[in-house]
Q: 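Starting off with a structure, shown below.
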Amino acid sequence: MGTYQVRGGQGVNQILAAIRDGYRSLDTATNYDNEGAVGEAIRRSGLPRSAFFVTSKLPGKYHQYDDATISIQESLYRMGLDYFDLFLIHWPLPKRDHYVEAWRAMIDAQKRGLIRSIGVSNFEPEHLDRIIKETGVTPAVNQIEVHPYWVQERMRKADLERGIVTEAWSPLGRGSAALQEPMIKQLAEKYQKNVGQIILRWHTQRGIVPIPKAQHLQHQRANIDIFDFSLTKDEIEAINALSKPDGRVDGQDPNVYEEFE
């Protein structure tokens, strides 16, 4: 479950509802300003810490080694946790050029037991190759923008070649017109599913882990009810064909994007 814009007491209740419906993987970030709410929902759930897979992310302003080290610790304190299952560099910010330093800090935090797995988000192949070459450590995950209008086949293959799992943020396109695509609606009717379920199944069959956000209980339940059908190869290719050259939700090119500035 993605938690972007899920905050405060209302956010705690939304996350708790998701946990009760079977969600165990929770994705947050320092820049979402909701690590406290996610941690509180985990505590209120009554489930053991080991039941959850918790992901958070390092913001760009803390890419320098000492800053990154402290930021990881502060994120854990905010959440009330002893460790992260997965921690990611949120954006590479290559114009600032401190992402290798940030990666070294995360490697060391993993050695100290603060993080189980380390990865990146929004990294291009050249960014991946540089941190692998300079540290010898390959990210476990690359979380990138993927949805029917931004299919990212190039990056999916690049991650696969390097043994990296691809996760998808905004997997439904953040309310984009993709949810109104006639072809996807036809597939929903064929399989007796909703459009979001068709898109999420498309992700999983491509070997991508989608991170959908849903604040309403009905949508939360629908988003995990996607494993009782399979799209054909032709149907997957038809959705792939919807990709657009300018399909990014907010035009965030990792090569030039300056994170939340």
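Nothing fancy with the numbering, it's 1 onward along the sequence. Any value given below was found using the heavy atoms of this structure, including those in side chains, with hydrogens, waters and symmetry copies removed.
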Q: Within a 6.0 Å radius of atom CD on Gln73, are there more than 12 heavy atoms belonging to other residues, nucleotides or ligands?
A: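 Check passes, neighbour count above 12.
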
Q: Gln152 versus Ile208: any side-chain heavy-atom pair under 4.5 Å?
A: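 No, every pair of side-chain atoms sits at 4.5 Å or beyond.
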
Q: Could you pull out the closest heavy-atom pair between Ser121 and Pro92, with the gap in Å?
A: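 The pair with the smallest heavy-atom distance is O-CD, 3.8 Å.
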
Q: Show the numbers, then the answer: is there a side chain to side chain contact (heavy atoms under 4.5 Å, CB included) between Met79 and Phe84?
A: CA-CA 10 Å; Met79 296 195 74; Phe84 286 114; 3.4 Å; yes

Q: For side chain to side chain contact (heavy atoms under 4.5 Å, CB included), just list the numbers for His147 and Ile199, CA-CA rounded to whole Å, side-chain angles, deciding distance to a tenth of an Å, and then say yes or no.
A: CA-CA 8 Å; His147 47 77; Ile199 295 173; 5.7 Å; no

Q: How many angstroms lie between atom CD1 of Ile115 and atom CD1 of Ile72, to the nearest 0.5 angstrom?
A: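 That separation rounds to 4.0 Å.
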
Q: Please check: side-chain N/O of Glu259 versus main-chain N/O of Gly60, any donor-acceptor pairing under 3.5 Å?
A: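 Yes: the side chain of Glu259 pairs with the backbone of Gly60.
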
Q: Has Glu235 got a side-chain atom pairing as donor or acceptor with Thr232's backbone, closer than 3.5 angstrom?
A: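 At least one qualifying donor-acceptor pair exists.
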
Q: Flag this pair as yes if the NZ/CZ of Arg130 is under 6.0 angstrom from the six-membered ring centre of Tyr99 and inside a 45 degree cone about the axis; otherwise no.
A: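 Yes.
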
Q: Hey, does the side chain of Thr135 reach the backbone of Ile131 with a donor-acceptor pair shorter than 3.5 angstrom?
A: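 Present.
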
Q: Taking atom CD1 of Ile118 and atom NZ of Lys111, what is their separation to the nearest 0.5 Å?
A: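 Interatomic distance, Ile118 CD1 to Lys111 NZ, rounded to 0.5 Å: 9.0 Å.
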
Q: Is the backbone of Ile164 close enough, under 3.5 Å, to the side chain of Asn142 for a donor and an acceptor to pair up by distance?
A: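 No, Asn142 side chain to Ile164 backbone: no donor-acceptor pair under 3.5 Å.
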
Q: Side-chain contact, heavy-atom cut-off 4.5 Å: Pro182 with Lys185?
A: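 No, side chains not in contact.
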
Q: Please answer whether the main-chain N or O of Glu134 pairs with a side-chain N or O of Arg104 as donor and acceptor at a distance below 3.5 Å.
A: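 Confirmed, Arg104 side chain pairs with Glu134 backbone.
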
Q: Say you draw a straight line from OG1 of Thr138 to CG of Asp129; how long is it, rounded to the nearest 0.5 Å?
A: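 Here the rounded value is 9.5 Å.
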
Q: Ignoring hydrogens and geometry, is there a side-chain-to-backbone donor-acceptor pair from Gln220 to Asp21 under 3.5 Å?
A: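 Answer holds: no.
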
Q: Report whether Leu231 and Tyr149 are members of the same hydrophobic cluster (ILVMFWY, side-chain heavy atoms less than 4.5 Å apart, transitive linking).
A: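 Yes.
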
Q: Could you pull out the closest heavy-atom pair between Ile184 and Ile239, with the gap in Å?
A: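 Closest approach of Ile184 to Ile239, heavy atoms only: CG1-CG1, 4.5 Å.
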
Q: Test Trp202 against every option in Pro210, Pro148, Pro171 by the side chain to side chain contact (heavy atoms under 4.5 Å, CB included) rule and name the one that passes.
A: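 Running side chain to side chain contact (heavy atoms under 4.5 Å, CB included) over Pro210, Pro148, Pro171 with Trp202 returns exactly one hit, Pro148.
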
Q: If you take all heavy atoms of Ser71 and Arg78, which pair is closest and at what distance?
A: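 Scanning both residues, the minimum pair turns out to be O-NH2, 4.5 Å.
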
Q: Any side-chain heavy atom of Ser45 within less than 4.5 Å of one from Phe52?
A: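 With C-beta onward as the side chain, the pair touches.
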
Q: If you apply the rule salt bridge (Lys or Arg N to Asp or Glu O under 4.0 Å), what do you find for Arg154 with Glu124, and how did you get there?
A: CA-CA 10 Å; Arg154 173 184 65 91; Glu124 292 285 296; 2.9 Å; yes

Q: Side chain of Gln197, backbone of Ala222: donor and acceptor closer than 3.5 Å?
A: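 Yes; at least one donor-acceptor contact below 3.5 Å.
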
Q: Which distance, rounded to the nearest 0.5 Å, do you find between the CG of Leu128 and the CZ of Arg162?
A: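 One finds 6.0 Å between CG of Leu128 and CZ of Arg162.
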
Q: Got more than 12 heavy atoms from elsewhere within 6.0 Å of OH, Tyr62?
A: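 Open: at most 12 neighbouring heavy atoms sit under 6.0 Å from OH of Tyr62.
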
Q: How far apart are the closest heavy atoms of Val12 and Ala37, and which atoms are they?
A: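 Shortest heavy-atom contact: CG2-O, 3.6 Å.
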
Q: Side chains of Val146 and Arg156, heavy atoms from C-beta outward: is any pair under 4.5 Å?
A: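 Not touching, per the 4.5 Å side-chain cut-off.
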
Q: Side chains of Gln252 and Asn122 only: does a donor on one sit below 3.5 Å from an acceptor on the other?
A: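 Distance-only check fails for Gln252 and Asn122.
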
Q: Which heavy atom of Ala18 sits nearest a heavy atom of Met1, and at what distance?
A: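 Heavy atoms of Ala18 and Met1 come nearest at CB-SD, 3.3 Å.
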
Q: NE2/His127 to CG/Leu93 distance, rounded to the nearest 0.5 angstrom?
A: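 Nearest 0.5 Å value for the NE2-CG distance: 9.5 Å.
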
Q: Given side chains that start at C-beta, do those of Lys61 and Asp67 come closer than 4.5 Å, heavy atoms only?
A: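 Lys61 vs Asp67: side chains apart.
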
Q: Under a 4.0 Å threshold between the charged nitrogen and the carboxylate oxygen, would Arg43 count as salt-bridged to Glu40?
A: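 Salt bridge between Glu40 and Arg43, a charged N being under 4.0 Å from a carboxylate O: yes.
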
Q: Kindly say whether Val151 contributes a backbone atom to a donor-acceptor pair with the side chain of Ser243 at under 3.5 angstrom?
A: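 Answer holds: yes.
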
Q: Considering all heavy atoms of both residues, which atom of Ile19 and which atom of Ala41 are nearest to each other, and what is their separation?
A: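 For Ile19 and Ala41, the tightest heavy-atom pair comes out as CD1-O, 4.0 Å.
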
Q: Side chain of Tyr191, backbone of Ser230: donor and acceptor closer than 3.5 Å?
A: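 Pair found, side chain donor or acceptor close to backbone of Ser230.
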
Q: Using the rule given for salt bridge (Lys or Arg N to Asp or Glu O under 4.0 Å), can you reason through Lys57 versus Asp27, listing the C-alpha separation, both sets of side-chain angles and the distance that settles it, and then say yes or no?
A: CA-CA 9 Å; Lys57 307 178 189 77; Asp27 180 276; 2.5 Å; yes

Q: Dump the intermediate steps for side chain to side chain contact (heavy atoms under 4.5 Å, CB included) on Asp108 and Tyr65, then the final yes or no.
A: CA-CA 10 Å; Asp108 289 344; Tyr65 184 93; 2.5 Å; yes

Q: Looking at Arg96 and Glu258, is there a salt bridge between them, counting it only when a charged N and a carboxylate O are closer than 4.0 Å?
A: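 Arg96 and Glu258: salt-bridged.
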
Q: What do the steps show when you test His63 against Ile89 for side chain to side chain contact (heavy atoms under 4.5 Å, CB included), and what is the final call?
A: CA-CA 8 Å; His63 275 195; Ile89 298 176; 3.5 Å; yes

Q: Against the six-membered ring of Tyr83, is Arg116 placed for a cation-pi contact (under 6.0 Å from the centre, within 45° of the normal)?
A: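 Arg116 over Tyr83 ring: yes.
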
Q: Is the number of heavy atoms from other residues, nucleotides or ligands within 6.0 Å of OH (Tyr77) greater than 12?
A: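 Incorrect, the count does not exceed 12.
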
Q: Are any of the side-chain nitrogens in Arg49 or Asp85 under 4.0 Å away from the carboxylate oxygens of its partner?
A: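 Asp85 and Arg49: salt-bridged.
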
Q: According to the interplanar angle, ranging from 0 to 90°, do the rings of His90 and Tyr32 count as parallel (below 30°), tilted (30 to 60°) or perpendicular (above 60°)?
A: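 Plane angle over 60°, so perpendicular.
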
Q: Less than 4.5 Å apart, side chain to side chain, heavy atoms only: is that true for Met155 and Pro125?
A: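 Heavy-atom side-chain distance check passes, below 4.5 Å.
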
Q: So, does Glu167 use its side chain to make a donor-acceptor pair with the main chain of Val209 at under 3.5 Å?
A: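 A pair under 3.5 Å: no.
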
Q: Distance from Arg201 atom CZ to Asn223 atom CG, nearest 0.5 Å?
A: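 Nearest 0.5 Å value for the CZ-CG distance: 14.0 Å.
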
Q: Tell me whether the count of non-hydrogen atoms from other residues, nucleotides or ligands lying under 6.0 Å of CD in Glu126 goes above 12.
A: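 Enclosed.
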
Q: Just checking Asp228: does its CG atom have more than 12 heavy atoms from other residues, nucleotides or ligands closer to it than 6.0 angstrom?
A: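 Yes, CG of Asp228 has more than 12 neighbouring heavy atoms, counting only those of other groups under 6.0 Å.
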
